[in-house]
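In each ligand, atom 1 is the first atom listed, and ligand 1 is the first ligand listed.
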Amino acid sequence: MNFNLSQIPVRTSQPRVNGLTMVMDKGLSLSEVHNFMEGCGPHTDIVKLGFGTSFVTPKLREKIEAYQTYNVPLYFGGTLFEAFLIRNQIDDFIAVCKDYNITHVEVSDGSISIPHAEKCGYIEKLTKHFTVLSEVGSKDATHIMAPYKWIELMRAELEAGASYVIAEAREAGNVGIYRGSGEVREGLVQEILTQIPAEKIIWEAPQKAQQLYFLELIDHNVNLGNIAPNEVIPLEAMRIGLRGDTFHLYLNK
Ligand SMILES: O=C(O)[C@H](CS(=O)(=O)O)OP(=O)(O)O
């Protein structure tokens, strides 16, 4: 930290296993990656190259290598996994990830329907090669799942070998664990937490109010995802009580 300030809650340290900040990169250029890492590397634990952006991003290899020089694990968005899967190209997906020395993959079914046993089979298969993050929740706002179902799917995916389960929200934070307005489905979240350890869940929380909800509900070391690159430092300050929204959380009254 840059100077001494008392009553700052202790953050887990990198490489973190909880307290993760997962960032969604939707197409930063090579030089922007270097700038981003210079400014936010100590507070960025994992980077998702969003949806199919990797297919069209110029200098992809150099960009991935750049992240790797900063020791930040990265993975292709779940949509890209689904794009390979629906084209019967899962072995090509594995080959591409290996070719780029990618260590993490996301297994999701947000845009397509996969029988759950089959999804768990992909998780199992991919854990032989990579650290797997699996995602629960649909990108279709009309697809509402009961809390018991979320719990059942999350539990099965962790048992299949996923290191974390990601709770779907999309880039806007308006589906999955949120209502269309962005409001948290609080009953759902709280019920999930009765059965699934918080350290094993990455909550997609692109909006500040959503991040704040989880910081207050769990703690400052909650795993949060789909954070925009320019929101990494503000989130880090908010985690430790240095933003108005959390200012009083850690002060001895
Ligand atoms: O990166 C992806 O594939 C998508 C992007 S968004 O969240 O739908 O905007 O996310 P994912 O949660 O990884 O499926």
Legend entry - Derivation of the side chain to side chain contact (heavy atoms under 4.5 Å, CB included) call for Y100 and L60: CA-CA 9 Å; Y100 284 100; L60 179 64; 3.8 Å; yes
Legend entry - Amino acids in close contact with ligand 1, where any non-hydrogen atom sits under 4.0 angstrom away: M24, K48, G50, F51, G77, G78, T79, E106, E135, K139, E168, R170, E171, E204, N226
Inset, instruction - Give a yes-or-no answer on whether the side chains of N18 and E199 include a donor-acceptor pair shorter than 3.5 Å. - result: no
Inset, instruction - Flag the pair F76 / F81 as yes when at least one side-chain heavy-atom distance between them is below 4.5 Å, and no otherwise. - result: no
Inset, instruction - Name the orientation class of the two ring planes belonging to F214 and Y178 (parallel below 30°, tilted from 30 to 60°, perpendicular beyond 60°). - result: perpendicular
Inset, instruction - Please collect all side-chain hydrogen bond (donor to acceptor under 3.5 Å, both in side chains) contacts where either partner lies in residues 52-62, sequence neighbours excluded, each pair once. - result: R61-D99
Inset, instruction - For the pair E168 and S138, evaluate side-chain hydrogen bond (donor to acceptor under 3.5 Å, both in side chains) and give the outcome as yes or no after the intermediate values. - result: CA-CA 7 Å; E168 174 70 280; S138 172; over 6 Å; no
